[in-house]
Trainee: 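This is the structure I want to talk about, given as structure tokens.
Owing to the predicted nature of the structure, the values given are computational and were not obtained by experimental measurement. Here is how names work: the chains are called A, B, and so on, in the same order as the sequence lines, proteins then strands, and each is numbered from 1.
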Amino acid sequence: MAGLPTSLFAARSCVASVRIWISMSDRPAVVTRFAPSPTGYLHIGGARTALFNWLFARHTGGKFLVRVEDTDRERSTEPAVAAIFQGLDWLGLKSDAEPVFQFARADRHREAVMDLVAKGRAYRCYMTAAEADAEREQARAEGRALRSPWRDRMPGPAQDAMPYVIRFKGPLDGDTVVEDLVQGTVRFANRDLDDLVLLRTDGAPTYNLAVVVDDHDMGITHVIRGDDHLNNAARQSLIYEALDFAKPAFAHIPLIHGPDGAKLSKRHGAQAVGDFEAMGYLPEALRNYLARLGWSHGDDEIFSDAEAIAWFDIADVGKGAARLDWDKLAHVNAHYLKAAGSERVFDLVVTALTAKGQGLEAEPAARLKLAMPLLQDRGKTILELADQVQFVIAQRPLALDAKANALLTPETVTRLSRLKARLDGTETWNAPDLEALLKDFAQDEGIGFGKFGPALRAILTAGHPSPDLGRVLAALGPKESGLRMDDKLSHSD
RNA sequence: GGUCCCUUCGUCUAUCGGUUAGGACACCAGAUUUUCAAUCUGGGGAGAGGGGUUCGACUCCCCUAGGGACUACCA
């Protein structure tokens, strides 16, 4: 039901892409991969995992691949696949080859399992679910991992029609050592590693088997993933050995937690990469922030992609879990917002405005486009910018509240009329010159800004958030500024 | 319960046995001031606790506490 259309899982292309890597004699020295399971949106933690894989591949001149782990047919959905690809795309983390869909490779996985059975490293297990539960309970009581009684028992005629799974035949003693690039040497006692299921009753491969086979077939050299998989690395290590596959290097990076230290979840505001986009963050800002979360290069905080690529090293990834800090993300975003091209910021602001149900007509849109360079440093996110930009796109005549009207005393109105006359004669309509003109005006009138600034601001912005008056005038342009002033100056005398 | 991982300012982190423990965000104060911001200057703020090892531990080892992951026919 939740199954995926076969078109997305064209086995031919998926398998072929894998074979290309294997047959290439000049295969890169480093191949990393991001392997999400399509059960939801691209999680911000997953995005960081993808980023680290991408950075390491770029740093080493290697390849970055994407593999969709969709072996769980019940939970995998097509919208999730699309959302993940869209998230990666937005973040600028593109796979260097066609993405591989794990489900399409089920035959290859079964083949590997049969190999294991033939080698005596896996066996058919006929336990029912209830029996397995009982067995598990007993194993737990004895302080060891689950083993099946079928481990050393040959099935008889009675089993002929019985369903079975294929379990890995794990060693009973000895240790399995995972040499992790981040966590160091981690030792597991084999008695604690259970005989995990390799093939389900319906013949479908399970995760731990599929990852090993796929990572091997895809030529993955470095498995960089969340440290929630550190335990799995031991189980997978055993499978690599049983299959006679060379093991990749492992790097288990800490997970991202919410601001309160708990596992990141919905209540922390956002989880999906798409949420960050909707909240008005720039992809390059998120990349910078995410890279800095758990990884560092001395005191560097703001850096370009090129610098991140040049500097990134797994050895500099920290071991502790990091918390998401919205303030710092906002700060980084503000930096990139200032540096971004005005046309791009304008487009994003318009999109945000439209999403808020505030579509723009041609004239205010044109005004905003021209004003954008003067305004894009006034917010930390596109959403904040959408608020900061309201005074520009407001339509005449502006409605002033009682407080603003109170500012327009006869004296102030005549004073502003004199200012208007001076503005009308201005040739250089730009923020610094306008600011200077305003200063000169105040001096010539023998007054401080406080005597006419608030009133002028009210006339020009109707109380919307706005920058320095020089910038306000510049942003509005000579025509709109003049009209807004005329609106209020001509008929209150 | 078992196994494994983690622990420096509020947060992200630097430090790779010898530093007045540095930076960034946040916070506080001051400057600026025509709203709100921004900006500039200054300030407070940390090695979870306890044992060792060492001439000397944030750094190495052990214990405890706290946090996290795994312990599925999920990935």
Trainee: How many whole angstroms separate atom CG of A:Asn333 from atom C1' of B:C25?
Mentor: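 These atoms are roughly 14 Å apart.
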Trainee: Applying ring pair (Phe, Tyr, Trp, His ring centres under 6.0 Å), name anything that partners A:Phe346, two or more places apart in sequence or on another chain.
Mentor: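 Counting only residues at least two positions away or on another chain, A:Phe346 forms no ring pair (Phe, Tyr, Trp, His ring centres under 6.0 Å).
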Trainee: Could you tell me how far B:C5 sits from B:G23 if I compare only their C1' atoms? Round to whole Å.
Mentor: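 That atom pair is separated by 28 Å.
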Trainee: Provide, to the nearest angstrom, the distance between the CZ atom belonging to A:Phe312 and the P atom belonging to B:U13.
Mentor: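 Result: 13 Å.
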Trainee: Write down the partner of B:C40 under the Watson-Crick or G-U wobble criteria, each distance required to be under 3.5 Å.
Mentor: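 Answer to the pairing question: B:G30, which forms a Watson-Crick or G-U pair with B:C40.
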Trainee: When the C1' atoms of B:U11 and B:A26 are considered, how many whole Å apart are they?
Mentor: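 B:U11 and B:A26 have their C1' atoms separated by 8 Å.
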Trainee: Could you check whether any side-chain N or O of A:Asn53 sits under 3.5 Å from a backbone N or O of A:Ile224, counting only pairs where one atom can act as donor and the other as acceptor?
Mentor: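 Side chain of A:Asn53 to backbone of A:Ile224: a pair is present.
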Trainee: Any side-chain hydrogen bond (donor to acceptor under 3.5 Å, both in side chains) pairs touching residues 313-323 of chain A, not counting sequence neighbours?
Mentor: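 Listed once each, the pairs would be none.
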Trainee: By nearest nucleotide on RNA chain B, pick out whichever of A:Gly320 and A:Lys439 is the more 5' one.
Mentor: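 By nearest-heavy-atom nucleotide position, the 5'-most residue is A:Gly320.
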Trainee: List for me each residue that meets ring pair (Phe, Tyr, Trp, His ring centres under 6.0 Å) alongside A:His335, sequence neighbours excluded, and say none if there are none.
Mentor: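 For A:His335, no residue satisfies ring pair (Phe, Tyr, Trp, His ring centres under 6.0 Å) once neighbours in sequence are set aside.
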Trainee: For nucleotides B:C16 and B:U59, find the distance between their C1' atoms and express it as a whole number of Å.
Mentor: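 Per the computed distance, 8 Å lies between those C1' atoms.
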Trainee: Expressed in angstrom and rounded to an integer, what is the separation of A:His257 atom NE2 from B:G66 atom C1'?
Mentor: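 Roughly 13 Å, once rounded to whole Å.
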Trainee: For A:Glu384, what residues pass the side-chain hydrogen bond (donor to acceptor under 3.5 Å, both in side chains) criterion, not counting sequence neighbours?
Mentor: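 Applying side-chain hydrogen bond (donor to acceptor under 3.5 Å, both in side chains) to A:Glu384 gives none.
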Trainee: Produce the list of close N/O pairs, under 3.5 Å, pairing protein atoms with atoms of nucleotides 26-30 of chain B; give distances to one decimal.
Mentor:
none

Trainee: Can you list the residues that meet the ring pair (Phe, Tyr, Trp, His ring centres under 6.0 Å) rule with A:His252, with sequence neighbours excluded?
Mentor: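 With neighbours one apart ignored, the set is A:Phe250.
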Trainee: For B:C36, does OP1 or OP2 lie under 4.0 Å from any side-chain N or O of A:Ser466?
Mentor: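 No, A:Ser466 has no side-chain N/O under 4.0 Å of OP1/OP2 on B:C36.
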Trainee: Going by salt bridge (charged side-chain N to carboxylate O under 4.0 Å, His left out), name the residues that satisfy it together with A:Glu137, two or more places apart in sequence or in a different chain.
Mentor: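 If we apply the salt bridge (charged side-chain N to carboxylate O under 4.0 Å, His left out) test to A:Glu137, skipping adjacent residues, there are no hits.
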Trainee: Classify the side chain of A:Asp299 and the base of B:G22 as holding, or not holding, a donor-acceptor pair under 3.5 Å.
Mentor: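 Looking at the base of B:G22, it does pair with a donor or acceptor on the side chain of A:Asp299 (distance under 3.5 Å).
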Trainee: For A:Glu135, check salt bridge (charged side-chain N to carboxylate O under 4.0 Å, His left out) against everything at least two apart and list the hits.
Mentor: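 Counting only residues at least two positions away or on another chain, A:Glu135 forms no salt bridge (charged side-chain N to carboxylate O under 4.0 Å, His left out).
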Trainee: Any N or O donor-acceptor pair linking the side chain of A:Arg187 to the base of B:C4 at under 3.5 Å?
Mentor: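 Under the 3.5 Å cut-off, the side chain and the base do not form any donor-acceptor pair.
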Trainee: Just how far, in rounded Å, is C1' of B:A24 from OH of A:Tyr289?
Mentor: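 These atoms are roughly 11 Å apart.
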Trainee: Is there any salt bridge (Lys or Arg N to Asp or Glu O under 4.0 Å) pair reaching into residues 32-42 of chain A, and which pairs are they, with sequence neighbours excluded?
Mentor: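 Those involving residues 32-42 of chain A are A:Arg33-A:Asp215.
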Trainee: With a 3.5 angstrom cut-off on both distances, give the Watson-Crick or G-U wobble partner of B:G1, or none if there isn't one.
Mentor: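 WC or wobble partner is B:U71.
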Trainee: Atom CZ of A:Arg457 to atom C1' of B:U33: distance rounded to whole Å?
Mentor: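 From A:Arg457 CZ to B:U33 C1': 10 Å.
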Trainee: Applying ring pair (Phe, Tyr, Trp, His ring centres under 6.0 Å), name anything that partners A:His229, two or more places apart in sequence or on another chain.
Mentor: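 Ring pair (Phe, Tyr, Trp, His ring centres under 6.0 Å) list for A:His229, sorted by chain: A:Tyr207.
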Trainee: At under 4.0 Å between heavy atoms, how does the protein contact nucleotides 70-75 of chain B? Give one character per nucleotide, 5' to 3', with B, S or -.
Mentor: SSSBBB
Trainee: I'd like the C1' distance from B:C6 over to B:A48, given in whole Å.
Mentor: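 It comes out at 13 Å once rounded to the nearest Å.
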Trainee: Distance check needed: B:C25 C1' versus A:His335 NE2, whole Å only.
Mentor: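 Interatomic distance, NE2 of A:His335 to C1' of B:C25: 14 Å.
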Trainee: Using the C1' atoms only, state how far B:A65 lies from B:G51, rounded to an integer number of Å.
Mentor: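 Going atom to atom, C1' in each nucleotide, I get 14 Å.
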Trainee: Which base, if any, makes a Watson-Crick or G-U wobble pair with B:C25, both distances under 3.5 Å?
Mentor: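 Pairing partner, where one exists within any strand: B:G10.
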Trainee: Considering only side-chain heavy atoms of A:Asp192, which listed nucleotide, B:C36, B:A69, B:U3, is closest?
Mentor: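 The closest nucleotide is B:U3.
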Trainee: Say we look at B:G44 and B:G22: how far apart would their P atoms be, to the nearest angstrom?
Mentor: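 11 Å, rounded to whole Å.
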Trainee: With sugar-phosphate meaning primed atoms plus P, OP1 and OP2, does A:Leu469 contact a base, only sugar-phosphate, or nothing at under 4.0 Å between heavy atoms?
Mentor: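 Touches a base.
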Trainee: So which atom in A:Phe168 and which in A:Ala242 form the shortest heavy-atom distance, rounded to 0.1 Å?
Mentor: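 So the two residues come closest at CE1-CB, 3.7 Å.
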Trainee: Examine the side chains of A:Asp195 and A:Tyr123 and answer whether a donor and an acceptor come within less than 3.5 Å of each other.
Mentor: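 Yes - a donor-acceptor pair under 3.5 Å links their side chains.
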Trainee: Examine the side chains of A:Asp70 and A:Gln102 and answer whether a donor and an acceptor come within less than 3.5 Å of each other.
Mentor: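 Per modelled atom types, A:Asp70 and A:Gln102 side chains form no pair under 3.5 Å.
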Trainee: Would you classify A:Gly294 as touching base, sugar-phosphate or nothing, given that sugar-phosphate means primed atoms plus P, OP1 and OP2, and contacts are heavy atoms under 4.0 Å?
Mentor: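 Here A:Gly294 touches the backbone only, sparing every base.
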Trainee: Taking atom P of B:U35 as reference, at what distance in whole Å does atom NZ of A:Lys451 sit?
Mentor: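 My rounded result for the distance is 15 Å.
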Trainee: Produce a footprint string for nucleotides 43-48 of chain B: one letter per nucleotide, 5' end first; B if the base is under 4.0 Å from any protein heavy atom, S if only the sugar-phosphate is, - if neither.
Mentor: ------
